[in-house]
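Counting starts at 1 for both ligands and their atoms, in listed order. If you read the sequence from its start, that first residue is 1, and numbering goes on from there. These figures come from a predicted structure and were not determined experimentally.
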Amino acid sequence: MADIKFSYNTLVYAGEDIEQGIKRLAGFGYDGVEFVGEPEKTDAVRIKELLSRYNIEASSICAIYTPERDLVSSRPEIRKQAVDYLKQCVDFAEAIGAGGISVTPTACMKIYPEADMATELKWAAQSIREAGLYAGEHGVRLTVEPWNRYENYLINRMEQSLALVTDIDLPNVGCMGDSYHMNIEEVDIATAYRLAGDKLFHVHFADSNRAAPGRGHIDFEPIARTLVDIGYKGYIAMELLPPFADPFGGARIEAFYDQYSKESIDYLKKLFASIS
Ligand code: LER
Ligand code: MN
């Protein structure tokens with residue numbers, strides 16, 4: 001338990017100044033803040049100053065994958081643009097002290113491939129390796145996140161993330177698992193986390209409906225036990241999102257600000273205290 005830290009993805013805090021989110025999470029007892037990967041629209045110097053003022057750290061960057069940032073586009077210039085975007089996220093992460101960046105090779109909600117799987121996986125490995133080498137030089141990790149079938153077609157389960165990570169073979173490129181996606185795609189969520197083992201670098205938690213844990217039907221107890229059992233030492237970042245198909249839609253729903261932020265940290269602390 002001592003080695004697991006808690007954070008909250010500010011993606012859901014749409015429409016408010018980032019200071020409010022940082023202050024809220026520090027006040028509720030989170031260890032870290034997960035930031036949206038929009039380096040060109042974000043003032044890293046101000047964020048660093050706010051993190052120090054509220055005595056909380058940056059856990060991670062949630063990168064945003066659009067058709068212009070598609071690491072497996074059939075157009076080489078788009079793949080290059082996507083790698084350049086990831087490198088910008090690395091600079092942003094380094095500037096604010098965030099340890100990792102989430103990576104999914106396809107644009108979000110792209111559900112059809114443009115080439116055969118072997119070719120797309122080769123492009124994925126090439127793109128992520130190039131960004132991963134740059135990230136490694138800057139002390140940042142890349143974490144390959146499987147998304148459910150409605151958000152992408154290429155990496156849906158942990159075994160696929162692990163195969164890609166193994167192929168890339170860089171010490172700073174690992175896997176991550178988001179309980180919301182895993183609830184849709186994995187046979188058993190805890191088993192999938194265990195499969196990643198020491199290559200599990202980051203975790204997203206949300207309940208089955210993407211609300212706060214306890215508001216859906218995922219049983220988090222065996223998951224928490226497994227994370228402790230495999231000696232997971234990273235962050236669990238809450239990634240709660242409103243019930244709309246497009247996760248980057250930016251809808252504002254009141255419960256996801258104070259109420260779910262507080263509920264989630266209370267739930268996690270109680271859960272992990274009960275098993276250790
Ligand atoms: C990102 O972490 C994620 O899980 C996707 O569903 C896009 O938000
Ligand atoms: Mn996620």
What about Tyr112 and Tyr153, are their ring centers closer than 6.0 Å?
no
Do ligand 1 and Ser102 have nitrogen or oxygen atoms that lie under 3.5 Å from each other?
no
How are the rings of His138 and Tyr134 set to each other: parallel, tilted or perpendicular (split at 30° and 60°)?
tilted
Only heavy atoms of His204, strictly under 4.0 Å: list the atoms of ligand 1 that pass.
2 (O)
Tell me the angle that OE2 of Glu145 and OE1 of Glu239 form around the Mn ion (ligand 2), rounded to 10°.
180°
Does atom CG of Asp198 have more than 12 heavy-atom neighbours, drawn from other residues, nucleotides or ligands, at distances under 6.0 Å?
no
Number the atoms of ligand 1 from 1 as they appear, then name those within less than 4.0 Å of a heavy atom of Arg210, with their elements.
3 (C), 4 (O), 5 (C), 6 (O)
Is it the side chain (CB and beyond), the backbone, both or neither of Trp147 that lies under 4.0 Å from ligand 1, heavy atoms counted?
side chain
Do the ring centers of Tyr235 and Phe6 come within less than 6.0 Å of each other?
no
Is the shortest distance from a Lys or Arg side-chain nitrogen in Glu254 or Arg252 to a carboxylate oxygen in the other one below 4.0 Å?
yes
If I take every N, O or S atom of His181, is at least one of them less than 2.8 Å from the Mn ion (ligand 2)?
no
Distance alone, cut at 3.5 Å: any donor-acceptor contact between the side chains of Tyr8 and Glu239?
no
Using heavy atoms and a threshold below 4.0 Å, how should the contact between Glu34 and ligand 1 be classified: side chain, backbone, both, or neither?
neither
Can you confirm whether Lys87 is buried at NZ, in the sense that more than 12 heavy atoms of other residues, nucleotides or ligands lie under 6.0 Å from that atom?
yes
For Asp178, atoms of ligand 1 separated by under 4.0 Å from a heavy atom:
4 (O)
Run the numbers for me: atoms of ligand 1, each under 4.0 Å from some heavy atom of His181, listed by number.
3 (C), 4 (O), 5 (C), 6 (O)
For Phe248, counting its heavy atoms only, list the atoms of ligand 1 lying under 4.0 Å from any of them.
7 (C), 8 (O)
Can we say Glu68 and Arg75 salt-bridge, meaning some charged N sits less than 4.0 Å from an Asp/Glu carboxylate O?
no
Among Glu239, Glu151, His202, Met109, closest by heavy atom to atom 6 (O) of ligand 1 is Glu151
Could you check which N/O/S atom of His204 is closest to the Mn ion (ligand 2)?
ND1
Determine whether the side chains of Thr119 and Asp116 contain a donor N or O and an acceptor N or O closer than 3.5 Å.
yes
Looking only at N, O or S atoms, find the one in Asp178 nearest to the Mn ion (ligand 2) and name it.
OD2
